J.: 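Okay, handing you the structure first.
So that the names make sense, note that chain A is the first sequence line, chain B the second, and so on, each numbered from 1. All values derive from a computational prediction rather than experimental measurement.
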2 protein chains.
Amino acid sequence: MFKVSNPSKPKVYQGVLEELRVYIKDNHLSPGDKLPSERELADKLQAGRSSVREALRALELLGLIETRRGEGTFLRSYQSLQSVELLSSFILLADRTRDELLQVKTMIEKEAVKLACPNMDEVARSKLNASINQTTVLEEKHTIFFTYLLEKANNQLLLKIWMLLEEFSSSIAKAYYDEHFYNQLMELLAKKDYDAIEELYKQQDHQLYD
Amino acid sequence: MFKVSNPSKPKVYQGVLEELRVYIKDNHLSPGDKLPSERELADKLQAGRSSVREALRALELLGLIETRRGEGTFLRSYQSLQSVELLSSFILLADRTRDELLQVKTMIEKEAVKLACPNMDEVARSKLNASINQTTVLEEKHTIFFTYLLEKANNQLLLKIWMLLEEFSSSIAKAYYDEHFYNQLMELLAKKDYDAIEELYKQQDHQLYD
DNA sequence: AGTTGCAGGTGGTCTGACCACTAAAGCGAA
DNA sequence: TTCGCTTTAGTGGTCAGACCACCTGCAACT
């Protein structure tokens, strides 16, 4: 009676996580630094070793720590990319319609062109040109073209998201444009004409081959 | 001698994770269904209960399962993304990462406005207007405004990605615009003036408050 | 029939015990 | 001294067993 549903009593390992966070902060630990041993933590935090291990497992899963048997547990240099991959893989877990996927991917590609503009000097452009002429397969052209541009866009997060979408979409739909499209983009890339890029994509809308 | 460096011997809990995946698949378990008890799993999979628990902790962290003391372990219907909270509490994202995050989020918001345009009739616009006037806190305004638009953009995948970025960014940086900005967007939304939206964002660039 | 109370099952936690592994101290031979 | 080996202490990896708190279902009682 009068049961308060389930306030879910906090678990020990969650408390350990919090205390670890404080510990790392207070001791100014940097990536590569060593954490206290599991036994020492269990003793200090007044928790069983198994609970401490459950907390460490969580951190390991998120790529925040690295454990080396016989040596100890170490703080890992954090790369946002890792967690992005983990989370993205679950976002894509649910069924996504082909249209939604392509829409998002195309949007990213369009914006990437614009972001890359300032970084595309003469050398970069000829390099890109040489790259896409290595193959005659249009799908490959597409991938090569935008992989290069996404790198030049100078946003690791965007690159990562795009690569995941690219990988995922390649398994359900081949998407590429008319060969002329890439040449036009190359020209606009040189002119840095943002509006024209926007316009070009507007025309191209719903004209993806697949 | 002849040590093969250390390919990192796989841990038991990782094997358990894999076997659980197979189990779920083979038995066609759906969200809400019950998993075998920890003791039963340990017995079946020939592993200690603590190892099984470490695997379950991982799944719990990812929001894939839910454990109810006294009842059992159940497949979860939705993901709460608790790992995001945990991650951001541990990491002070580097400035570079923070900037990238905001850049991607802003880009998505901009495109979402355009995608939502066709679906924003008179009724929808007044509804949105009423929503954002419920609060005077600018950060809340921002979230409410774009949550509504992202929904109207009619792309579940884009919505999901945005929510993820929003959740992340809200824990490391408050980002919102001048109040006037939202009013301008509302106007352009009515006019469906895509170029002006693009232009407005171009002006707003690097003017995020935080 | 309605209520109570008990028994069994479940997750949550702790302890102690091994194992495999690593690094550093110790030590003997060159 | 210096080199190379053995020893040893400490670490993570794992397991088994023991409680506890909690939930459910069922049997016994009213």
J.: Remember a base hit wins even if backbone is also touched, and classify B:Ala47 as base, sugar-phosphate or nothing at under 4.0 Å, heavy atoms.
T.: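 The residue B:Ala47 makes sugar-phosphate contact but no base contact.
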J.: Identify whether the distance between the nearest side-chain nitrogen and carboxylate oxygen of A:Glu54 and A:Lys11 falls below 4.0 Å.
T.: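 A salt bridge is absent here (no side-chain N lies under 4.0 Å from a carboxylate O).
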J.: Using a cut-off of less than 4.0 Å, is there contact between a side-chain N or O of B:Thr67 and OP1 or OP2 of C:dG12?
T.: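 Yes, within the criterion.
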J.: Can you find a donor-acceptor N/O pair under 3.5 angstrom joining the side chain of A:Arg49 to the base of D:dG13?
T.: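 Flag set: donor-acceptor pair detected.
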J.: Distance check, rounded to the nearest 0.5 Å: A:Tyr201 atom OH versus A:Glu111 atom CD?
T.: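 CD of A:Glu111 is found 9.5 Å from OH of A:Tyr201.
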J.: Which sits closer to the 5' end of DNA chain C, B:Thr73 or A:Val52, going by the nucleotide each is nearest to?
T.: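 Nearest nucleotide further toward 5': that of B:Thr73.
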J.: Less than 3.5 Å between a donor and an acceptor, one on the side chain of B:Arg39 and one on the base of C:dG11, is that the case here?
T.: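 Under the 3.5 Å cut-off, the side chain and the base do form a donor-acceptor pair.
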J.: How close or far is atom C1' of D:dG10 from atom CG of A:Leu35, stated in whole angstroms?
T.: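 Computing the A:Leu35:CG to D:dG10:C1' distance gives 16 Å.
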J.: Over all strands shown, is A:Ser50 touching base, sugar-phosphate only, or nothing at heavy-atom distances under 4.0 angstrom?
T.: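 Result for A:Ser50 = base.
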J.: Given 3.5 Å as the limit, does a donor-acceptor pair link the side chain of A:Arg39 with the main chain of A:Arg49, or not?
T.: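 No; judged by distance alone, with no hydrogens or angles, the pair does not exist.
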J.: For B:Gly48, answer base if it contacts any base atom (sugar-phosphate contacts may also be present), sugar-phosphate if it contacts only those atoms, and nothing otherwise; contact means non-hydrogen atoms under 4.0 Å.
T.: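 Contact class for B:Gly48: sugar-phosphate only.
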J.: Write down the distance between CG (A:Asp43) and P (D:dT11), rounded to a whole number of angstrom.
T.: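 Checked: the CG to P distance equals 12 Å.
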J.: Could you tell me how far apart B:Glu54 (CD) and D:dC15 (P) are, to the nearest whole angstrom?
T.: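 Roughly 9 Å, once rounded to whole Å.
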J.: Indicate yes or no: does B:Lys160 engage A:Glu100 in a salt bridge with an N to O separation below 4.0 Å.
T.: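 Answer for the salt bridge query: no.
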J.: To the nearest Å, how far apart are A:Leu56 CG and D:dT11 P?
T.: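 In whole Å, D:dT11 P and A:Leu56 CG are 13 Å from each other.
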J.: Report yes if a side-chain nitrogen or oxygen of B:Arg68 is closer than 4.0 Å to either non-bridging phosphate oxygen (OP1 or OP2) of C:dT10; otherwise report no.
T.: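 Checking C:dT10 against B:Arg68, no side-chain N or O comes under 4.0 Å of OP1 or OP2.
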J.: Closer than 4.0 Å, any side-chain N/O of A:Ser37 to the OP1 or OP2 of D:dT11?
T.: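 Yes, within the criterion.
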J.: A:Lys34 has an atom NZ; how far is it from atom P of C:dA23, in whole Å?
T.: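 Distance, rounded to whole Å: 12 Å.
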J.: Rounded to whole Å, please give me the gap between CZ in A:Phe74 and C1' in C:dC21.
T.: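 Going from A:Phe74 (CZ) to C:dC21 (C1'), I get 13 Å.
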J.: Are the charged groups of B:Glu198 and B:Lys202 less than 4.0 angstrom apart, N to O?
T.: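 Looking at B:Glu198 and B:Lys202, the cut-off is not met.
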J.: Look at the side chain of B:Ser51 and decide which nucleotide, out of C:dG12, D:dG13, D:dT14, has an atom nearest to it.
T.: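 Out of C:dG12, D:dG13, D:dT14, the nucleotide with an atom closest to B:Ser51's side chain is D:dT14.
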J.: For B:Glu40 and C:dG11, what is the distance between atoms CD and C1' respectively, to the nearest whole Å?
T.: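 In whole Å, C:dG11 C1' lies 14 Å from B:Glu40 CD.
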J.: Starting at CD of A:Glu71 and ending at C1' of C:dA23, how long is that distance when rounded to a whole Å?
T.: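 Atom CD in A:Glu71 sits about 8 Å away from atom C1' in C:dA23.
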